[in-house]
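Naming: A, B, ... by sequence-line order, numbering from 1 per chain.
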There are 2 protein chains.
Amino acid sequence: MNEPTVFIVDDDQAVARSLRWLIESVQLKVETFASAQAFLDGYATTKPGCLVLDVRMPGMSGIELQERLTVQRIRVPIIFITGHGDVQMAVRAVQAGAFDFIEKPFNDQDLLDRIQRAISFDSEQRARDSLRARLSALLASLTPREREVLNLVVEGMSNKAVANTLGLSAKTVEVHRAKVMEKMHARSVADLVKMAMQNQET
Amino acid sequence: MNEPTVFIVDDDQAVARSLRWLIESVQLKVETFASAQAFLDGYATTKPGCLVLDVRMPGMSGIELQERLTVQRIRVPIIFITGHGDVQMAVRAVQAGAFDFIEKPFNDQDLLDRIQRAISFDSEQRARDSLRARLSALLASLTPREREVLNLVVEGMSNKAVANTLGLSAKTVEVHRAKVMEKMHARSVADLVKMAMQNQET
DNA sequence: CAAACAATAGGGGTAATTACCTAGGTTGCC
DNA sequence: GGCAACCTAGGTAATTACCCCTATTGTTTG
């Protein structure tokens with residue numbers, strides 16, 4: 001599960017086989033799918049790696065698959081492969097977040113290089129995502145009241161100001177605040193502010 | 001200076017004229033340049049707007065101009081216009097930050113729409129940049145010692161901890177800290193942390 | 001229904017921050 | 001030389017934050 005996989009989606013089995021052969025030659029794990037739908041059904045988002053995707057396929061096209069993945073917030077890096085140069089399609093795909101877009105015939109080493117870059121990108125992205133997920137989990141463990149207090153503390157308010165804003169006694173705010181610090185594993189207000197900022201930036 | 005300008009760079013004067021006519025028809029300011037070099041020489045980075053740029057030109061190409069602008073950190077949004085579809089070039093240009101890349105013949109309204117989007121993007125980008133510039137100016141007004149103290153405070157350290165780290169008395173740290181708050185126009189540690197974070201994120 | 005949790009609030013004490021004052025030593029510049 | 005800045009540091013008092021305790025009320029859940 002930890003080592004990256006290159007997912008190949010191509011309806012042409014001969015192409016898929018030769019891609020598999022090429023990519024396996026550099027000791028990368030490969031999984032092939034004969035259609036976009038097969039990929040949607042069979043892909044486990046927890047697996048790191050990247051997607052090598054044919055643009056034009058019967059049924060769901062590669063572009064449509066990209067759209068579906070975007071809607072589902074699945075952000076596996078996509079390297080499109082296309083047989084015939086359509087500039088508009090390529091530009092739109094890249095603007096929509098495609099990692100790369102290359103034309104056949106391509107240079108084998110060039111493709112391998114791009115795959116390596118896509119895998120690195122995915123790895124960094126997963127690291128960022130896992131940080132954010134841990135943060136969200138911490139925030140989710142707060143009660144509604146604690147979240148309110150947290151927000152006001154992050155705004156720079158003192159306990160007394162928070163108490164006035166929420167119509168509570170200063171004592172109660174102290175309790176909530178201490179609980180927030182404990183639950184968030186924060187040792188200072190600075191930590192809290194940093195966490196809150198990181199969380200809202202996506 | 002405040003209203004956006006569409007900069008057109010095209011060696012074909014007939015094309016430049018017809019683009020100017022099209023764009024001026026929607027009450028946008030236009031400046032035309034007959035070569036990439038002319039644009040580099042004549043463009044004032046303070047002017048908001050976007051760049052409509054021909055890919056292929058004698059002398060410096062549109063792509064080369066994009067590279068030069070990137071090196072000089074000039075981030076005017078670029079809409080490339082090309083006569084012949086080169087997928088690799090389009091993809092590289094977009095990956096390098098081009099705002100858009102369209103082929104001739106293009107739909108007039110489509111181009112105008114993209115220009116409007118580019119102008120909006122530039123406007124937002126300039127707003128972000130000016131915020132960052134103001135922040136940098138505030139930070140630049142700090143003395144070296146104040147900056148050290150700021151960094152440690154942002155790390156979440158107490159005055160005493162800062163004093164120990166820097167080999168100072170707690171009293172001295174208090175003075176620096178107060179001066180930092182005043183110079184940064186911050187009313188709380190939370191403000192300081194936010195400013196420091198925004199500044200390091202580019 | 002008992003146990004756990006959430007929200008409320010008080011007492012009492014220590015530590016830290018903030019605001020106000022003074023003041024000496026160094027350095028760079030006109 | 002003198003002025004302005006920076007860095008240093010002390011006193012004092014008010015405010016605020018942090019920590020350990022108890023306690024009541026309501027809700028949720030096994």
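Using a 4.5 Å heavy-atom threshold, the side chains of B:T45 and B:V76 count as separate. Proximity of A:Q198 to A:R132: side-chain heavy atoms (C-beta onward) are nowhere separated by under 4.5 Å. The side-chain heavy atoms of A:Q116 and A:L112, taken from C-beta on, include no pair separated by under 4.5 Å. Here the side chains of A:M57 and A:D54 are in contact, with some heavy-atom distance below 4.5 Å. The closest side-chain heavy-atom distance from A:I81 to A:L53 is not below 4.5 Å.
A salt bridge (charged side-chain N to carboxylate O under 4.0 Å, His left out) check over residues 30-43 of chain A, counting only residues at least two apart or in different chains, returns the pairs A:E31-A:K47.
Side-chain atoms of B:Q88 come within 3.5 Å of backbone atoms of A:F101 as a donor-acceptor pair (strictly under, hydrogens ignored).
Summarising the geometry of A:R20 relative to A:I8, their closest heavy-atom pair is N-CD1, 3.8 Å, with the distance given to 0.1 Å. In terms of heavy-atom proximity, B:V162 sits nearest to B:M157 at CG2-CB, 3.7 Å. Closest non-hydrogen pair, B:Q72 versus B:L40, comes out as NE2-CD2, 4.1 Å.
Under the 4.0 Å criterion applied to side-chain N and carboxylate O atoms, B:R75 and B:D129 are assigned as salt-bridge partners.
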- Message: Show, in sequence, the C-alpha distance, side-chain angles and deciding distance for A:E174 and A:R177, and conclude whether the salt bridge (Lys or Arg N to Asp or Glu O under 4.0 Å) test is met.
- Response: CA-CA 5 Å; A:E174 271 183 52; A:R177 183 174 180 150; over 6 Å; no
- Task: Show the numbers, then the answer: is there a side-chain hydrogen bond (donor to acceptor under 3.5 Å, both in side chains) between B:N151 and B:E155?
- Result: CA-CA 6 Å; B:N151 289 332; B:E155 290 298 314; over 6 Å; no
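Donor-acceptor pairing under 3.5 Å is recorded for the side chains of B:S130 and B:R134.
Only A:S158, listed by number, bring a heavy atom of residues 134-158 of chain A to less than 4.0 angstrom from any atom of DNA chain D. Shown for residues 161-187 of chain B: residues whose heavy atoms fall under 4.0 angstrom of DNA chain D, namely B:L168, B:S169, B:K171, B:T172, B:V175, B:H176, B:K183.
Extent of DNA chain C lying under 4.0 Å from chain A heavy atoms, first and last nucleotide in 5' to 3' order, is C:dA6 to C:dG12.
Comparing the helix axis at one end of the helix from C:dC1-D:dG30 to C:dC30-D:dG1 with that at the other, each defined from 5 consecutive pairs, gives an inter-axis angle of 50° (nearest 10°).
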What's touching nucleotides 26-29 of chain D from the protein side, N or O pairs under 3.5 Å?
none

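Ring geometry, B:F7 versus B:F33: the interplanar angle falls from 30° to 60°, so the pair is classed tilted.
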